[in-house]
Novice: 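A single structure is presented below for examination.
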Amino acid sequence: MSKTRFLLPKENSAAYQKIAELDQIGKTGSISESLQELIKIYASQLNGCVFCIDMHSKDALAKGETVQRVIGLAAWEEAAFYTAEERAILAFTKEITLIHQGGVSDKTYQELQQYYNEKEIGELLVLIGTINLYNRIGITTLLQPKID
C-alpha cells in the first residue's frame, strides 16, 4: 500500500475550499441525499478512488441505503433493485465519468428528461463533475481511508 503523497486541503486550502463550495451546491439541490451518495459511490467505483468509495458507502448506509444497493452499484445494469429513475441517473453518471468514451448519449439524456427538468439536470451535472474532481484528487495524492 502506498503512502498518501500530500493533502490538498493543507497544501492549497484556497483551491480545496472552492471545490467544497461547488460540492455544497450539489448537496443543497433537489436530489435526495441517498441518491447523491449512490452517484458518488458509482462514479468513484468507475474511477477507482478507494477513499471516496469508502467514505460515500459509509455515508449512504448512515443515510438509510441498504447494503445490497450500495454493493450492487458495480452491476446496476443487471440489478432489479434500482428504479427506472435511478437507472437514468446511473447511466448519466457513467457517461459523464467516462466522457472520453463518446460523451453523453441522446438516449441517456432523453431518459433523464423523463424525471428531471433542466435545472435539476444541471444540479446532477455539478454533483457528478464534483465527485469526479474529488476522485482525481484522491487518486493523484494516493489518499487512503482509515482501516476499520
Novice: Check the pair Glu21 / Gln24 against side chain to side chain contact (heavy atoms under 4.5 Å, CB included), numbers first and verdict last.
Specialist: CA-CA 5 Å; Glu21 289 173 20; Gln24 192 60 37; 5.6 Å; no
Novice: Does Leu133 share a hydrophobic cluster with Leu124, counting links as ILVMFWY side-chain heavy atoms below 4.5 Å and allowing steps through other members?
Specialist: no
Novice: Please tell me whether Ile39 and Phe92 are part of a single hydrophobic cluster in this structure, the criterion being side-chain heavy atoms less than 4.5 Å apart.
Specialist: yes
Novice: Looking only at the side chains, is there a donor atom on one of Glu65 and Ser34 sitting less than 3.5 Å from an acceptor on the other?
Specialist: yes
Novice: Walk me through it: do Thr130 and Ile25 pass the test side chain to side chain contact (heavy atoms under 4.5 Å, CB included)?
Specialist: CA-CA 10 Å; Thr130 304; Ile25 291 170; over 6 Å; no
Novice: Nearest 0.5 Å, please: how far is CD1 in Ile71 from OG in Ser57?
Specialist: 8.5 Å
Novice: Would you confirm whether Asp23, through its side chain, and Ile19, through its main-chain N or O, come within 3.5 Å as a donor-acceptor pair?
Specialist: no
Novice: I need the minimum non-hydrogen distance between Ala88 and Thr108, along with the two atoms involved.
Specialist: O-CG2, 4.4 Å
Novice: Between the side chains of Glu77 and Lys94, is the shortest nitrogen-to-carboxylate-oxygen separation below 4.0 Å, so that they form an ion pair?
Specialist: yes
Novice: To the nearest 0.5 Å, tell me how far Arg136 CZ sits from Leu8 CG.
Specialist: 15.0 Å
Novice: Any chance you could lay out the side chain to side chain contact (heavy atoms under 4.5 Å, CB included) test for Arg87 and Trp76, step after step, and finish with the verdict?
Specialist: CA-CA 8 Å; Arg87 290 174 176 287; Trp76 68 267; 3.8 Å; yes
Novice: In Å and rounded to the nearest 0.5 Å, what is the OG1 to CD distance from Thr97 to Gln45?
Specialist: 11.0 Å
Novice: If only side-chain N and O atoms count, and only distance matters, is there a donor-acceptor pair under 3.5 Å linking Glu95 with Tyr109?
Specialist: no
Novice: So which heavy atom on Arg69 is nearest to which on Glu86, and how close?
Specialist: NH2-OE2, 2.6 Å
Novice: I'd like to know if the side chain of Glu11 and the backbone of Phe6 have a donor-acceptor N/O pair within less than 3.5 Å.
Specialist: no
Novice: Using the side chain to side chain contact (heavy atoms under 4.5 Å, CB included) definition, which of the options Leu73, Thr93, Asp54 pairs with Ile41?
Specialist: Leu73
Novice: With a 4.5 Å limit on heavy-atom distance, are the side chains of Ile89 and Leu38 in contact?
Specialist: no
